[in-house]
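Notes follow the structure.
Protein chains get the first letters and strands the later ones, always in sequence-line order, with residue 1 at the start of each.
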There are 2 protein chains.
Amino acid sequence: MPDQRAEGEDKPDEADRGKLENVLLKVVQGAIRPRTATAYLEESLRSAIVSGDIPGGTALRQEAVAEVFGVSRMPVREAIRQLEAQGLVEFQPHKGAVVAAISAQDAADNWAIRKALECAALEYSIPGLREEDILRAEEGIAEMDSETDFSRLGLLNRRFHMTLYSRAEFPGMLQLIEKHLIASDRYIRFQLAALGRDKMAQDDHRAILAAAREGDAAGACRLLASHIEDAGRRLVERIRHLSSVRGQADAQMSNSKAPLE
Amino acid sequence: MPDQRAEGEDKPDEADRGKLENVLLKVVQGAIRPRTATAYLEESLRSAIVSGDIPGGTALRQEAVAEVFGVSRMPVREAIRQLEAQGLVEFQPHKGAVVAAISAQDAADNWAIRKALECAALEYSIPGLREEDILRAEEGIAEMDSETDFSRLGLLNRRFHMTLYSRAEFPGMLQLIEKHLIASDRYIRFQLAALGRDKMAQDDHRAILAAAREGDAAGACRLLASHIEDAGRRLVERIRHLSSVRGQADAQMSNSKAPLE
DNA sequence: CATATGTACATTGGATCCAATATGTGATTG
DNA sequence: CAATCACATATTGGATCCAATGTACATATG
């Protein structure tokens, strides 16, 4: 669901005209407002892909997608282009787009990138962390403790991590990290569905936060590095195991969707 | 201008069929082959942007671009979408796309990301480096020593770095690094044009390669880190300086193009 | 019978047209 | 005279149409 930013506020000088407009503005804001069809499709498709609703390997036929969303093929094509540049779909000229498949290689890549970037960001961020950030991170841990919905756990985990990095003065870096955190969501969900939420290594989270609170950048980075590394290694091992047991692992990975909704 | 590949050659006979195919293959490979107009536009625009031929801040009016390239607006739109997802242009619905402006913030981001990713990649890669890689890297350094064309210097620098990382077993990570190296090209060129090629810190390159040759991962990473950090700091300082002296620095940065062709 | 070839169909790439939105300019009104 | 509104214009968003390409199946031929 696309949330909207506040638009230009008209000055309320002309009797009730301002009020009327405000009312309409609220209505519009409350409603699902796809500012453009392309943006709407791009968000919907991405969320569906990372959540696993559209399993890896699925061919995205333009006509079919267009029909489902009630638009023409054109916005579909543009949305697919963007998803391609983001690495969420693979594209071949005249053949079409298929949702990027889950694979051990992709997972290993993602975790290696995350480790490098997140450790750097944490180091940059720690000196600038404030009370409110620490509190927000603590809340995040608590929320994860009490959350039962897998799909929300991924979001909460992402938020916790991003809070820790938020004071790094490199917005582009933070954006890149968030992109990879989102991409790792479906793997996290995949693990949770099978291993039955071992609280997502909450002990790690607590230890990292403790080090961050003390301003111990080196220690926090070391903890974060092994936190990410461990999760990545476990995940890659499991995917490798599955793909050696069964034929091609990609297909049935999608069943991680089943327990979710 | 899109050249087309050779069309159907009549087969002389079946005796030398294998050879014929090889010949045709060479012809096809040699030709400039824009598989689709969108891909052609995407490559052309990206190269023009990173090379500085299209300065930051330029509005990419679809109609104008389409006319120049002799196509309709549609492939232009798709290409722009991809460039947007790659962060090379900024996009606003109904307003259009403008080439992402050069800025101190963007440069700082880029170098911070590069430092994190490239150091990690180097560490992963060093244990797997072979003789041929070392040799290729040495050739790269030599080429940079004797190259006078600024636009090629960026390419050679990129190649040297990528050679060092090439044995890291994370293709996605390498792709991400290359993407950021390409994006940093126009900053490098910007520096070279002003500072007059101080050999691009070739001493650093030699030192890094020496450590890599010895298999000293930690040492090589330390050297690489400060190599990237120094260049980034110098660059950011210079951009900050320029923007404080003159009004907005973004516009006239484009003159870095002048000495190039 | 196997391989190669031709043909029909499905799907994507690209062009043109129309609609929606933003911006600039001039008129109107307090 | 200033501010606002209305309108004209430029530009982008989206839909529909046609062309190009890939795939699958049938057919011919050694």
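- Here C:dT12 presents its P atom at 14 Å from CD of A:Glu84, a figure rounded to the nearest Å.
- Per the geometry, CD belonging to B:Gln62 stands 16 Å off P belonging to D:dA10, to the nearest Å.
- Atom P of nucleotide D:dT11 and atom CZ of B:Phe91 are separated by 15 Å, given to the nearest angstrom.
- Across the protein-nucleic acid pair, B:Glu63 atom CD and D:dA10 atom C1' stand 11 Å apart, rounded to whole Å.
- Partners of A:Gln86 under the side-chain hydrogen bond (donor to acceptor under 3.5 Å, both in side chains) rule, at least two apart in sequence or in another chain, are A:Glu42, A:Arg46.
- Of all heavy-atom pairs spanning A:Phe190 and A:Arg238, the tightest one is CE2-NH1, 3.6 Å.
- Nucleotide C:dT11 holds its P atom 14 Å from the CD1 atom of A:Ile80, rounded to whole Å.
- Distance A:Arg35 CZ to C:dA22 C1': 17 Å, rounded to the nearest Å.
- When rounded to the nearest whole Å, the span between OH of A:Tyr40 and C1' of D:dG13 equals 17 Å.
- The side chain of A:Thr38 contributes an N or O atom lying less than 4.0 Å from OP1 or OP2 of D:dG14.
- Residues passing the side-chain hydrogen bond (donor to acceptor under 3.5 Å, both in side chains) test with B:Glu43, sequence neighbours excluded: B:Arg35.
- Dashed line: the shortest gap from a side-chain N or O of A:Gln92 to OP1 or OP2 of C:dT12 is not under 4.0 Å.
- Among residues two or more places apart in sequence or in another chain, the salt bridge (charged side-chain N to carboxylate O under 4.0 Å, His left out) test is passed with A:Arg136 by A:Asp133.
- Nucleotide D:dG13 holds its C1' atom 16 Å from the CZ atom of B:Arg61, rounded to whole Å.
- Take B:Glu118 and apply the salt bridge (charged side-chain N to carboxylate O under 4.0 Å, His left out) test, not counting sequence neighbours, and it matches B:Arg114.
- OP1 or OP2 of D:dT23 sits under 4.0 Å from a side-chain N or O of A:Lys95.
- Applying the salt bridge (charged side-chain N to carboxylate O under 4.0 Å, His left out) rule to B:Arg77 yields the partners A:Glu78; only residues at least two apart in sequence or on another chain are considered.
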Report task. Mark up nucleotides 15-20 of chain D, 5' to 3', with B wherever a protein heavy atom is under 4.0 angstrom from a base atom, S wherever such an atom reaches only the sugar-phosphate, and - elsewhere. Result -> BB----
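- Taking OG of B:Ser72 as the start and CD of B:Glu63 as the end, the distance is 9.0 Å to the nearest 0.5 Å.
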